[in-house]
*Asks:* 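Please read through the structure below; I'll follow up with questions.
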Amino acid sequence: TNGEYLIGVGSYDMTGPAADVNMMGYANTEQNTAGIHFRLRARTFIVAENLEGPRFGNLYTEENVAISGTHTHAGPGGYLQYVVYSVTSLGFVKQSFDAIANAVEQSIIQAHNNLKPGSIFINTGDVKEASINRSPSAYLLNPAEERSRYPSNVDTQMTLLKFVDGASGKSKGSFSWFATHGTSMSKNNKLISGDNKGVAARLFEDWFTSQNKSSSPNTNSTEPAIGELVKKAQSIKATGGKDCNQKTSQASKVRKNDGSLFVGAFCQSNVGDVSPNVLGAFCIDSGKPCDFNHSSCNGNDLLCVGRGPGYPDEILSTKIIGERQFRSAVELFESASEELTGKIDYRHVYLNFTDIEVELDSNKVVKTCPAALGPAFAAGTTDGPGVFGFQQGDTEISPFWKSVRDFLKKPSQYQVDCQNPKPVLLSSGEMFDPYPWAPAILPIQILRLGKLIILSVPGEFTTMAGRRLREAVKETLILNSDGEFNNETHVVIAGLTNTYSQYIATFEEYYQQRYEAASTLYGPHTLSAYIQEFNKLAQAMAKGDKINEKGPSPPDLLSVQISLLLGPFGDSTPNGIKFGDINEDIDFPESGYFTKGDKPSATFWSANPRYDLLTEGTFASVERLQGERWIPIHDDDDLSLLFKWKVDNSSFHGFATIEWEIPKDTISGVYRLKHFGASKNTIASPIDYFTGASSAFSVQ
């Protein structure tokens with residue numbers, strides 16, 4: 001390929017329903033979506049040596065496509081087919097599923113359509129103060145000799161790819177891997193958010209755009225006096241609700257998604273025991289550090305909560321951890337000089353992880369187990385404590401929860417004969433048939449870009465588990481190739497890829513039964529099974545062999561999904577009020593104008609945002625007056641603008657609040673807040689679209 005690949009990048013809005021849907025991650029039944037912090041996106045990168053064959057057809061398959069989650073805990077749930085992942089969302093939520101599936105498809109199409117010759121550069125470096133180990137007592141159970149080979153109990157290295165267009169020499173995108181949980185936003189948050197990795201992506205993309213934007217001359221040599229701005233703003237009142245069409249909100253998007261935008265993605269890695277709440281975990285009643293082994297406070301797991309760097313402001317913590325990843329990525333991006341060249345390759349197989357025979361180094365043969373969760377799963381983590389009555393590290397179940405378990409399952413159905421020492425809170429069996437509670441058949445995959453090897457794993461490896469997998473695969477590649485792979489080969493783990501099956505702890509960590517171990521579904525030898533099976537793929541790749549046995553396909557359970565979440569039945573307003581009318585207008589400060597850092601807000605009469613997700617559009621915008629025209633400068637994909645949704649408990653009317661934290665670089669001028677939405681009078685009614693704007697205000 002003479003040092004060049006075909007490269008394409010794409011991005012598409014995948015924000016799901018911003019009201020009423022339980023969020024996926026913390027399993028908190030009270031954490032239902034109620035607005036947007038900023039939007040979720042699917043970001044696609046395609047690399048090819050050539051492009052033979054039709055546009056689609058069999059060009060992209062489960063073998064050469066990796067779908068990797070950034071692991072935000074602030075996205076609408078209900079899109080996975082197994083009971084344990086959909087119980088808190090009241091089953092399957094088609095709107096959540098469709099938003100994700102559509103965005104993945106559209107971003108692939110966009111990336112495919114802009115495939116052009118180009119180059120890829122790789123760089124690595126450390127990210128400082130963006131991660132800590134949230135289960136350090138379990139990490140310490142790993143052999144001292146092994147731990148001594150690493151400077152920290154978390155992996156601080158970021159691996160970054162820089163994609164450069166061959167014709168123009170301009171960068172098209174960047175993709176990086178770094179391990180830290182998407183739990184800067186807490187289990188009490190109700191705003192859809194990409195969490196810290198989404199923040200990093202938004203900052204990176206906006207930074208690149210600003211660096212490459214041609215500056216236009218400033219036609220206003222002097223800014224108007226604040227008195228003139230205040231007077232102008234006072235003359236412009238709220239518009240009242242107005243009818244509009246489905247495309248209106250898209251016209252107010254600040255970033256037009258025409259396929260030409262730079263795409264920056266921040267991927268997950270071996271994140272299992274890694275937290276972004278870097279100040280540590282403290283008891284919320286006393287302020288003292290939590291119990292080291294159990295992460296509890298006098299036996300109560302609910303009182304032990306991790307603190308982010310912006311504590312107690314979770315949005316600030318999210319921004320800070322995102323900024324730290326963003327800054328590291330910029331440094332690696334600007335200094336990347338090592339070019340990736342060579343073969344593109346991939347291997348993929350499905351495996352039934354509930355029954356894998358594993359040959360250990362001692363020649364002893366052991367087996368994995370039917371999927372099961374230990375009691376500490378219910379305890380949650382310091383990022384999001386779970387249920388009262390459980391602790392991390394517990395190996396006993398309280399009498400109450402034991403009775404609940406025994407009601408759900410017969411003891412004879414618990415795991416036996418699979419070397420699994422943990423007591424079982426929930427395990428496989430007939431109770432949920434035909435709705436399996438957890439996955440059994442999982443995909444594993446290796447992707448190759450020259451001397452970069454990407455391990456697609458369907459779960460969350462702990463720090464040491466990930467290190468063991470990377471080292472084993474690298475050794476296998478080197479031993480089975482004729483110098484094609486060597487110590488310069490890069491091996492990265494792409495976590496939470498192609499499906500989700502919870503955690504993978506090391507054999508030693510498993511026996512303490514903290515949250516990560518209790519959530520290691522297939523028993524103490526789960527990691528050994530992964531290493532064994534990945535080594536088979538690595539050996540085949542190194543020798544150029546094909547995988548003849550593709551393994552059993554996972555079940556397609558779409559037709560048997562249960563959906564108990566009711567849809568909105570129609571919205572209305574009181575007589576004389578229209579959707580988009582102001583309910584609470586701008587509250588002006590005594591000075592009559594706002595300054596940088598202030599938070600003007602306005603509340604509008606509105607309808608449930610589930611009627612239309614306004615994909616690639618916006619529910620909110622900030623507009624600046626330029627001459628006689630209002631120009632959108634921020635939308636609900638910006639970090640400074642929040643869209644909040646609520647329903648009045650007595651009247652059942654809906655309200656949308658738009659809140660803008662004025663950025664430091666905002667220029668003086670006249671501004672207003674604008675809302676977009678969709679409504680239905682009844683379930684059978686057609687969708688009507690509306691908009692409305694606040695009174696104007698000035699910013700100095």
*Asks:* Hey, are S640 and D638 close enough side-chain-wise for a donor-acceptor pair under 3.5 Å?
*Replies:* no

*Asks:* Within 45 degrees of the ring normal and closer than 6.0 Å to the centroid, is that where the cationic atom of K162 sits relative to F333?
*Replies:* yes

*Asks:* In a check of ring pair (Phe, Tyr, Trp, His ring centres under 6.0 Å) between F690 and each of F579, W605, F619, F676, which one passes?
*Replies:* F579

*Asks:* Mark yes or no for whether T33, through its side chain, and P17, through its backbone, hold a donor-acceptor pair below 3.5 Å.
*Replies:* yes

*Asks:* Can you sort out the partners of F604 under ring-ring contact (aromatic ring centres under 6.0 Å, His included), two or more places apart, ordered by chain and number?
*Replies:* H675

*Asks:* Do the charged groups of D206 and R255 touch, with an N to O distance under 4.0 Å?
*Replies:* yes

*Asks:* Does one side chain, of T618 or D636, offer a donor that lies under 3.5 Å from an acceptor on the other?
*Replies:* yes

*Asks:* Would a line drawn from the ring center of F45 to the ring center of F175 be shorter than 6.0 Å?
*Replies:* yes

*Asks:* In terms of side-chain geometry, is the basic nitrogen of R41 or E616 positioned less than 4.0 Å from the acidic oxygen of its partner?
*Replies:* yes

*Asks:* Examine the side chains of N196 and Q325 and answer whether a donor and an acceptor come within less than 3.5 Å of each other.
*Replies:* yes

*Asks:* Does the side chain of S685 come under 3.5 Å of the side chain of T682 through a donor N or O and an acceptor N or O?
*Replies:* yes

*Asks:* Is it possible for you to check whether R672 lies under 6.0 Å from the centre of the six-membered ring of W630, through NZ or CZ, and within 45° of that ring's axis?
*Replies:* yes

*Asks:* Regarding S186 and N189, do their side chains bring together a donor and an acceptor under 3.5 Å, going by distance alone?
*Replies:* no

*Asks:* Given the side-chain rings of H112 and Y60, with only the six-membered ring counted for Trp, is the space between their centroids under 6.0 Å?
*Replies:* yes

*Asks:* So, E460 and H71: side-chain donor and acceptor under 3.5 Å apart, yes or no?
*Replies:* yes

*Asks:* Please tell me whether D383 and N277 have a donor and an acceptor in their side chains that are separated by less than 3.5 angstrom.
*Replies:* yes

*Asks:* Ion pair present between R327 and E323, side-chain N to carboxylate O less than 4.0 angstrom?
*Replies:* yes

*Asks:* Can a salt bridge be assigned to the pair K116 and D165 using a cut-off of 4.0 Å between side-chain N and carboxylate O?
*Replies:* no

*Asks:* What I want to check is whether the side chains of S260 and D258 have a donor and an acceptor closer together than 3.5 Å.
*Replies:* yes

*Asks:* Under the rule for ring-ring contact (aromatic ring centres under 6.0 Å, His included), what residues qualify as partners of F697, not counting sequence neighbours?
*Replies:* F594

*Asks:* Using a strict cut-off of less than 4.0 Å between a Lys/Arg side-chain nitrogen and an Asp/Glu carboxylate oxygen, indicate whether D20 and R610 qualify as a salt bridge.
*Replies:* yes

*Asks:* Under a plain distance cut-off of 3.5 Å, with no hydrogens placed, do S252 and S621 share a side-chain donor-acceptor pair?
*Replies:* no

